[in-house]
Number of protein chains: 2
Amino acid sequence: MNHQIQSIAELDRIIHEPGRLMIITLLYSVDQADFLYLQYETGMNKGTLSSHISRLEQAEYIHVEKTFRGKVPQTLLRLTRMGRKSFERYRKNLREAL
Amino acid sequence: MNHQIQSIAELDRIIHEPGRLMIITLLYSVDQADFLYLQYETGMNKGTLSSHISRLEQAEYIHVEKTFRGKVPQTLLRLTRMGRKSFERYRKNLREAL
DNA sequence: CCAACTAGTTTGCGCTACCAACCGACTTTT
DNA sequence: AAAAGTCGGTTGGTAGCGCAAACTAGTTGG
């Protein structure tokens, strides 16, 4: 198995999914974002976004904090150190694949 | 929606799937390969490989030619012009996303 | 001639993704 | 206080993936 192919085979599937890749890419640059912002930026519907967030949280790639903006509930998200590391490794693999 | 995210949202899902990405990456460089070579290089089992090949053929990204190596059947694969173009577009999107 | 092997396809199963619709708790409007 | 809206989660249905096992068709070996 050549090196390029090896890199593809090792891609982190949790991150590789485009919906989640968008979320992580956004969080990587802003370091904190809320649900509605992500929904707007990614164009995903709530259901899909909600389930990707759960998946990322369960993988411990993001941290979810439920709070309030005045009286309105707000879900804040940020990458964990592990999420950040995994994303960097993912990008490295991808660059090697291309 | 920012440009980076836009690029991710536009990724060609047929190519994005790691199994198929490996196949296309290999075909892009060698221009012609047979089933067993791909199976060996990618480490996929026959069933999975076979179904990815069908999917790529149906999308007209590869051309499949069934022939013989002596008396033994051999399936030869190569990228179509469309497959090549799509792969180049995919890589462009990916580079813009990173 | 019959068993075993090769190349590849199909099938069945469990898991994941996506969307739309509905739901629950709360808030604002009228 | 009834109606409508907001945030976000849950559910039901459809489609796709990955694997192993069964299958097809032809070939080789005993």
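All values below were derived from every heavy atom in this structure, side-chain atoms included, with hydrogens, water molecules and symmetry-related copies excluded. Reminder, nothing fancy here: chain letters follow the sequence lines and each chain counts from 1.
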So, do A/N2 and B/L26 sit near enough that their side-chain heavy atoms are less than 4.5 Å apart?
yes
Using atom CD of B/Q39 as one end and atom P of C/dT9 as the other, report the distance to the nearest whole Å.
11 Å
Check the distance between C/dG8's P and B/K71's NZ and give it to me in whole angstrom.
18 Å
Is it true that A/K92 and A/E96 make a salt bridge, defined as a side-chain N closer than 4.0 Å to a carboxylate O?
yes
Is the phosphate of C/dA17 approached by A/R20 (side-chain N or O, under 4.0 Å from OP1 or OP2)?
yes
Minimum-distance nucleotide to B/V72 side chain [options: C/dA7, D/dG8, D/dT27]:
C/dA7
Go through C/dG8, C/dC18, D/dT10 for me and flag the one nearest to the B/Q74 side chain.
C/dG8
Compare the minimum distances between each of D/dG9, C/dA7, D/dC7 and the side chain of A/F35, then state the nucleotide with the smallest one.
D/dG9
OP1, OP2 of C/dC18 versus side-chain N and O of B/R13: anything below 4.0 Å?
yes
Within the pair A/H52 and C/dT16, is there a side-chain N or O less than 4.0 Å away from OP1 or OP2?
no
Checking all strands, does A/L36 fall into the base, sugar-phosphate, or nothing category for heavy-atom contacts under 4.0 angstrom?
sugar-phosphate
Give every donor-acceptor pair under 3.5 Å between a side-chain atom in residues 43-54 of chain A and any protein atom, sequence neighbours left out.
from  : atom 1 : to    : atom 2 : distance (Å)
A/N45 : OD1    : A/G47 : N      : 3.1
A/N45 : OD1    : A/T48 : N      : 2.9
A/N45 : OD1    : A/T48 : OG1    : 3.1
A/S51 : OG     : A/G47 : O      : 3.4
A/S51 : OG     : A/T48 : O      : 3.0
A/H52 : ND1    : A/R20 : NH1    : 3.2
A/S54 : OG     : A/S50 : O      : 3.1

Give the rounded distance in Å between these two atoms: CG of B/L49 and P of C/dG8.
9 Å
A/N45 side chain, from C-beta outward: closest of C/dG8, D/dG9, C/dC19:
C/dC19
Atom CE of A/M22 and atom C1' of C/dC18 are separated, to the nearest Å, by 12 Å
Look at the side-chain N and O atoms of A/R55 and state whether any lies under 4.0 Å from the OP1 or OP2 oxygen of C/dA17.
yes
Of the listed nucleotides D/dG18, D/dG9, C/dA7, the one nearest the side chain of A/K66:
D/dG9
Whole-Å distance, B/E17 CD to D/dA15 P, equals 18 Å
Would you mind reading off the distance between B/K46 atom NZ and D/dA25 atom P, rounded to a whole angstrom?
16 Å
I'd like to check the side chain to side chain contact (heavy atoms under 4.5 Å, CB included) partners of B/L76; sequence neighbours left out, ordered by chain and number.
B/Q32, B/D34, B/E65, B/T67, B/Q74
d(CE, B/M44; P, D/dC19) in whole Å:
9 Å
Rounded off to whole Å, could you give me the CG-to-P distance for the B/L21 and D/dG18 pair?
12 Å
Which value, rounded to the nearest 0.5 Å, describes the distance between A/D12 atom CG and A/Y61 atom OH?
3.5 Å
Does the side chain of B/T48 get closer than 4.0 angstrom to OP1 or OP2 of D/dC19 through an N or O atom?
yes
Could you tell me if the side chain of B/L21 sits less than 4.5 Å from the side chain of B/Y90, heavy atoms only?
yes
Strictly below 4.0 Å: does A/T75 bring a side-chain N or O up to OP1 or OP2 of D/dG8?
yes
Here's a test of your reading of the structure: between A/P18 and B/V64, which maps to the more 5' nucleotide of DNA chain C?
B/V64
